[in-house]
Participant: 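Quick one: the structure is below, and I'll ask about it shortly.
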Amino acid sequence: MSDKSLPFTKAQLEAVAAQVPTPFHIYDESAMRANAKALYEAFDWVPGGFKNFFAVKALPNPHVMQALKEEGLGGDCSSYGELVLCEAVGITGENIVFTSNDTPAYEFQKAAELGAIINLDDISHINFLEDALGGKLPELVSFRYNPGPLKAGNAIIGKPEEAKYGFTRAQLFAGYRMLKSKGVKRFGLHTMVASNELNPDYFVETAQMLFDLVVELSREVGIEFELLNHGGGIGIPYRPEETAVDLAYVGSKIREAYEASIVAAGLGPIKITMECGRMITGSYGYLVGRVLHKKAVYKDYVGLDANMANLMRPGMYGSYHHVSVPGREDAPKKVYDVTGSLCENNDKFAIDREISDPEIGDLVVIHDSGAHGHSMGFNYNAKLRSAEILWSGEGQWRVIRRAETLADHFATIDFPGLG
Ligand SMILES: *Cc1c(COP(=O)(O)O)cnc(C)c1O
């Protein structure tokens, strides 16, 4: 079970809303920091050190990235813009991993300029990278492994062979030989085969797969690995009946696997890294809107001033996001579709959901918007992107991104009367 209580009271939220009109995303800073600490504690045994590169796409706000940097996190980037964000926050060098695919040369150049760990998506990118960097590969290069059908035995994995990412197993052997012959000295291996996975044993299996592979690659190619990257994909309990991944359990099981494979083979110490985004910030963001309308036709509707352009996941993936009505915890419950105002019938935060029956004007909180929430926002129907607020506890908060204005929205069009 996961706790869906809120870190702020209705009065505290109303005090924020009095200064920053709804809708807005609000992030619980201390909960994010505590969560990051728990992840690091679970891996404090790693002889070569542990780092989580925060997947910037989950919450690309430099104020949040700054707080995470203070907790020891790096950045996982897959685009030029994300690299620039890291640079601005002072996350540079090997505190960045650049895991991109279908990458343009200028992005590789920026990553190399920052000294980022470059993680290649395909064997053909070795020469592409070399050309992009004027004929010289970085000292450290990592490859992304896609196990394809080799991992099909696992019911919860999805289908890696249908994913566009990564090297085949055979390509890894050929690829590292090629790096070695080109004079690369330091090697990393990465995989990312899950998304929003809640089964802790899944991550242990993935680690075991990487450890076995590293033992084999080290022997056959005759190189030493410095860094393993287990990717992201640790899920969060969007539904109240779901349970968060037990990080301490995952850490201790991965330790057993590390000792049985890496240490037993006489390798190491190897640095263990991850690229979790969602599990770092996802549960600690809340989209706050206000009830504008209630409507009873063939179904009952609650209409908010927030819409799918503020949080796309329910409309795009049918994802569950918990809905609560602060201050109405004791009100009678009623089944509603909770909607936004886009001219799209999938602009619904919840369908057939039993919630505390709100009054028009009440605040409504959509939970777990801290990853792929604001960042996946868009401007369809000329809707504006919302503000983002960092909540530091007990009435302490600040705006870390103001709401867009119509002038912002029209800024790229030169037309009389707009802008
Ligand atoms: C999206 C992504 C992540 C982060 O995934 P989460 O589910 O947020 O942990 C990490 N690495 C890569 C390469 C990704 O594309």
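Just so you know, ligand 1 is whichever comes first in the structure, and atom 1 is the first atom listed for that ligand.
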Participant: Test side-chain hydrogen bond (donor to acceptor under 3.5 Å, both in side chains) on His367 and Ser324; report intermediate values, then the result.
Facilitator: CA-CA 8 Å; His367 292 239; Ser324 55; 2.7 Å; yes
Participant: Any nitrogen or oxygen of Gly277, side chain or backbone, less than 3.5 Å from one on ligand 1?
Facilitator: yes
Participant: Heavy-atom pairs closer than 4.0 Å: do any link ligand 1 to the side chain of Ala58, the backbone, both, or neither?
Facilitator: neither
Participant: What residue and atom, counting heavy atoms only, is the protein's closest point to atom 8 (O) of ligand 1, and at what distance?
Facilitator: Arg278 N, 2.8 Å
Participant: Would you mind running through ligand 1 and noting each atom that sits below 4.0 Å from a heavy atom of Gly232?
Facilitator: 9 (O), 10 (C)
Participant: Any Lys/Arg nitrogen of Glu388 or Arg401 sitting under 4.0 Å from an Asp/Glu carboxylate oxygen of the other?
Facilitator: yes
Participant: Take atom CD in Glu70; do more than 12 heavy atoms of anything else shown fall under 6.0 Å from it?
Facilitator: yes
Participant: Of the protein's non-hydrogen atoms, which lies at the shortest distance from atom 9 (O) of ligand 1, and what is that distance?
Facilitator: Gly233 N, 2.8 Å
Participant: Should you measure from each heavy atom of Cys276, which atoms of ligand 1 turn up under 4.0 Å away?
Facilitator: 9 (O)
Participant: Do Tyr176 and Phe167 make the cut of ring centroids closer than 6.0 angstrom?
Facilitator: no
Participant: Please tell me whether Ser5 and Asp3 have a donor and an acceptor in their side chains that are separated by less than 3.5 angstrom.
Facilitator: yes
Participant: Can you tell me how far apart OH (Tyr238) and CZ (Arg313) are? Round to the nearest 0.5 Å.
Facilitator: 3.5 Å
Participant: Salt bridge check, Lys383 against Asp347: does any charged N sit closer than 4.0 Å to a carboxylate O?
Facilitator: no
Participant: Find all atoms of ligand 1 within a distance of less than 4.0 Å from any non-hydrogen atom belonging to Ala55, and give their numbers and elements.
Facilitator: 3 (C), 4 (C)
Participant: Tell me, please: is Met274 in heavy-atom contact with ligand 1, that is, under 4.0 Å?
Facilitator: no
Participant: Can you name the atoms of ligand 1, numbered from 1 with element, that are less than 4.0 Å from a heavy atom of Arg144?
Facilitator: 13 (C)
Participant: To the nearest 0.1 Å, how far is atom 5 (O) of ligand 1 from its closest protein heavy atom, and which atom is that?
Facilitator: Met192 CE, 3.5 Å
Participant: Considering His190, Glu275, Glu197 one by one, which has a heavy atom nearer to atom 4 (C) of ligand 1 than any of the others?
Facilitator: Glu275
Participant: Among all protein heavy atoms, pick out the one at the shortest distance from atom 14 (C) of ligand 1; state its residue, atom name and that distance to 0.1 Å.
Facilitator: Lys57 NZ, 2.9 Å
Participant: Please report whether the ring centroid of Tyr258 lies less than 6.0 Å from that of Trp45.
Facilitator: yes
Participant: Any N/O of Asp76 closer than 3.5 Å to an N/O of ligand 1?
Facilitator: yes
Participant: Side chains of Lys51 and Asn95 only: does a donor on one sit below 3.5 Å from an acceptor on the other?
Facilitator: yes
Participant: Between His372 and ligand 1, which part of the residue brings a heavy atom under 4.0 Å of the ligand: side chain, backbone, both or neither?
Facilitator: side chain
